[in-house]
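All values below come from the heavy atoms of this structure, side chains included, with hydrogens, waters and symmetry mates left out.
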Amino acid sequence: MPENTVATLLAPMEMDDVVDAFAYIRALQAGDIDTACAVADATGPELHRLLLDVAARVFIPVTAADDHDGEPCAHSFLAAALGRLLLELLCHGECLASAPGIAATITRFTESILTDEHGDVADVLRQLEAAGMKQAMEAHPAHRTTA
C-alpha cells in the first residue's frame, strides 16, 4: 500500500473502533451476514461513523496524487480506477450512505485498487486493520491492554 503524507492529517481512531469497523467489513466481505449483524447490533448507530473513518483512511492516502506540474505521474491511474469503482457501485444499486454500502465500497476499493491481480482481499483488509490498530495504539497508549 503506498505511503502518503495525506494520511497523517487524519486523527487516529480508537482501538475498539478499529476492531469494530473491521470486524463488520471483514464479515460482510466473507459473506458472514450473522456476524456482520451481530457487530452492527453491538456497535449501534456509531458503526456508520466508524466505517466512514475507515473509508477515509483507505481512500484518501491512495487517491492523493503528487503534483507534477499537471503532468501524468505514476498515480494518475487512480482517478480513473476510482471513477470505475464508483460507477460499478452505482450500477449495482449500492447505497453509499448505509453501513453495508460503506463496507462494500471499502471492500471493492481494496479489491480493485489495493490488491494485486488475484490478490487476497481479506489479507489486505487485515493489513489495513493492523495499520489502524498500530496508529491507535501509538495515539492512545493508555488504552493498551496488558498481558
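Taking the side chain as every heavy atom from C-beta outward, Thr107 and Leu28 never approach each other to under 4.5 Å. Met15 is listed as a side-chain neighbour of Met137, based on a closest heavy-atom distance under 4.5 Å.
Counting all heavy atoms, side chain and backbone alike, Leu51 lies closest to Ala21 at CD2-O, 3.9 Å.
Residues passing the side-chain hydrogen bond (donor to acceptor under 3.5 Å, both in side chains) test with Glu129 are Arg26, sequence neighbours excluded. In this structure Ala122 satisfies the side chain to side chain contact (heavy atoms under 4.5 Å, CB included) test together with Gln29, Asp120, Arg126, sequence neighbours excluded. Residues passing the salt bridge (Lys or Arg N to Asp or Glu O under 4.0 Å) test with Asp53 are Arg49, sequence neighbours excluded. For Asp16, the side-chain hydrogen bond (donor to acceptor under 3.5 Å, both in side chains) criterion is met by no residue, not counting sequence neighbours.
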Applying side chain to side chain contact (heavy atoms under 4.5 Å, CB included) to His140 and Glu14, what does each step give before you reach the verdict?
CA-CA 7 Å; His140 309 287; Glu14 295 286 337; 3.2 Å; yes

Could you give me the CA-CA distance, side-chain angles and deciding distance for Arg108 and Val121, then say whether side chain to side chain contact (heavy atoms under 4.5 Å, CB included) is met?
CA-CA 9 Å; Arg108 287 184 179 168; Val121 175; over 6 Å; no

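Taking CG of Asp123 as the start and OG1 of Thr110 as the end, the distance is 11.5 Å to the nearest 0.5 Å. Atoms CD1 and CG, from Ile106 and Leu114 in turn, are 11.0 Å apart once rounded to the nearest 0.5 Å. Between Ile102 atom CD1 and Leu52 atom CG the span is 3.5 Å, to the nearest 0.5 Å. How far OG1 of Thr115 is from CD of Gln127: 10.5 Å, rounded to the nearest 0.5 Å.
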Contacts table for residues 34-45: side-chain donor-acceptor under 3.5 angstrom, sequence neighbours left out:
unit_1, atom_1, unit_2, atom_2, d
Thr35, OG1, Asp32, OD1, 3.1
Thr35, OG1, Asp32, OD2, 2.6
Thr43, OG1, Val39, O, 2.8

